[in-house]
Number of protein chains: 2
Amino acid sequence: MPSSTVENYLKRLFIEQQKQPGQLVQMGHLAEAMKVTAGTATSMIKALADSGLVDYEPRNGVKLNVQGEQLALHVLRRHRLIELFLVQILGLDWAEVHPEAEQLEHAVSEKVLERMDGLLGRPNFDPHGDPIPSADGIIRKQQLATLLNCPRGQLMKIARIVDQDTDFLQFLDRHALRPGATLTLVHLDTLADAVTLQLGGERTLVLGTRAASKILVEPA
Amino acid sequence: MPSSTVENYLKRLFIEQQKQPGQLVQMGHLAEAMKVTAGTATSMIKALADSGLVDYEPRNGVKLNVQGEQLALHVLRRHRLIELFLVQILGLDWAEVHPEAEQLEHAVSEKVLERMDGLLGRPNFDPHGDPIPSADGIIRKQQLATLLNCPRGQLMKIARIVDQDTDFLQFLDRHALRPGATLTLVHLDTLADAVTLQLGGERTLVLGTRAASKILVEPA
DNA sequence: GCTATAATTTTGATAGGTCAAAATAAAAAA
DNA sequence: TTTTTTATTTTGACCTATCAAAATTATAGC
Ligand SMILES: [Mn+2]
Ligand SMILES: [Mn+2]
Ligand SMILES: [Mn+2]
Ligand SMILES: [Mn+2]
């Protein structure tokens, strides 16, 4: 049985790998993401390599192998199902479920997870629009535009938010920018580094490109 | 924040203390209950004493102090509320929720617990009939008879089962012996070390005194 | 009161995770 | 091609939790 530390590393590796497909994850990058020192990351990765969960190229980087990826997807499934459960069944705020799920994902058994899944009606997406891997470890990868590269002047629907920071999510929530909400990209000003959005009614909102790139949309 | 190991020791101390009120819990007894060696228990208890959670008399035994007891009650509350949640909301079997709760009790936040409590309607008892401590750490102590010392020939209601072993609980369940069920103590045979029970209908059941003493009842 | 026995505590080790600081290797700059 | 900078790995330590085995009490028996 993998420890929760191991589960966290695997999950993190999967997520970082997806951001730069094909490439190895650098030690420094991993250490930063896990909030540990580089030396700690190195020794952990060596242990994971010994357990046959990752391919490690010293001084080069690391990637999940097939077995590690399956495990990571399993943890990710638990995390995301739990998030949805907390929102749908217990009525927690979607902006604050991430840290809760971060703990619970290591404590929930297969049996309990299966019940949650059933109760939720075998959902495909979590409250942030992140896809939920299937029980057999398959994840649908979506091809979504960001608010920076989506068509201008066209009504779009928010599909996913790729940031788990509670304060950021609460900010979005205050402007009703949640998965499912619709909006239009009015203007992208590269010099000002900002986008102008048309929300419901007359409301207009200006976001910096950093923030805008975290909002993934699809045609409404 | 106490580690889950610390939480488990405190909970165990509380439960063992209740079995022999007033007395100190012996190291050997604690070690046995925690399934660790005596040396491990000793060093853990010394650590708990240093953290100001228990009163430790070397060579004599240990007991929770006020602070430790509050913490223990808090863990017990989490454990029991979770058990009820698993049965009522997720539909798990009451015979198998204990080990699940044993993990979840360390991962559930106050916020999540509060939602569970609300959803369950502020319950007072868990699926085994164990009382659930209140949020401010008060536990009602019940004065219940066992199937060994309850009045004979009188209809009794099962109030509580004081054993968490899944196989034993499933055995009870097969005979419909669950909290809330009614039955009559027909005969207690001290020589045969057994009791004869009258269940619903014509059904009769003979239990050894060891098993019978784990079934707590009250007048129906 | 002395001895055998049982319970408890100590000691020395190990495993998992972590950090700070030193050593090393690779990449970039000069 | 050297030198400097940056990233990675190693080393030495520490903390929590655990065990096995040795040392130390207490307790009971005689
Ligand atoms: Mn986690
Ligand atoms: Mn999510
Ligand atoms: Mn526990
Ligand atoms: Mn219970």
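These values consider heavy atoms only, across backbone and side chains, with no hydrogens, waters or symmetry-generated copies. Note on naming: letters A, B, ... go to the chains in the order of the sequence lines (proteins, then strands), and numbering restarts at 1 for each one.
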How long is the line joining CG of B:Asp50 and P of D:dA17, in whole Å?
13 Å
Check the distance between D:dT16's C1' and B:Asn8's CG and give it to me in whole angstrom.
14 Å
Tell me whether the OP1 or OP2 atom of D:dT8 has a side-chain N or O from A:Tyr56 closer than 4.0 Å.
no
Gap between atoms CE and C1', on A:Met44 and D:dT10 respectively (whole Å)
18 Å
Give the rounded distance in Å between these two atoms: CD of B:Glu57 and P of C:dA7.
19 Å
Using a strict 4.0 Å threshold on nitrogen-to-oxygen distance, state whether B:Glu105 and B:Arg80 make a salt bridge.
no
Winner on side-chain proximity to B:Thr5, out of D:dT8, C:dT8, D:dT18, is D:dT18
State which residues pass side chain to side chain donor-acceptor pair (under 3.5 Å) with B:Asp117; sequence neighbours excluded, sorted by chain then number.
B:Arg77, B:Arg122
Only residue of A:Arg178, A:Glu83, A:Arg160 satisfying side-chain hydrogen bond (donor to acceptor under 3.5 Å, both in side chains) with A:His128 is A:Glu83
Rounding to a whole Å, what distance do you find between B:Leu48:CG and C:dT9:P?
13 Å
Below 4.0 angstrom from OP1 or OP2 of C:dT10, is there any side-chain N or O of B:Thr42?
no
Do B:Glu16 and B:Lys19 meet the salt-bridge criterion of a basic N to acidic O distance under 4.0 Å?
yes
Residue-level proximity of residues 15-25 of chain A to DNA chain C when a heavy atom falls under 4.0 Å
none
Integer-rounded Å distance: D:dT8 C1' and A:Leu30 CG:
13 Å
Between B:Met156 and B:Cys150, which heavy-atom pair has the shortest distance, and what is it?
CE-CB, 4.0 Å
Salt bridge check: are B:Glu57 and B:Lys63 linked by an N-O gap of less than 4.0 Å?
no
Does B:Tyr9 put a side-chain nitrogen or oxygen below 4.0 Å from OP1 or OP2 of D:dT16?
no
Could you state the CG-C1' distance from A:Asn60 to D:dT9, rounded to the nearest angstrom?
14 Å
Test A:Lys11 against A:Glu102 for salt bridge (charged side-chain N to carboxylate O under 4.0 Å, His left out), laying out the working first.
CA-CA 11 Å; A:Lys11 183 154 61 78; A:Glu102 203 58 51; 2.8 Å; yes
Less than 4.5 Å apart, any side-chain heavy atom of A:Leu48 and any of A:Val62?
no
Nucleotides 19-26 of chain D: protein proximity per nucleotide (B base, S sugar-phosphate only, - neither; heavy atom, under 4.0 Å)
BS---BS-
C:dT8 P sits how many Å from B:Ile45 CD1, rounded?
12 Å
Say you draw a straight line from CD1 of B:Ile215 to CG of B:Leu197; how long is it, rounded to the nearest 0.5 Å?
7.0 Å
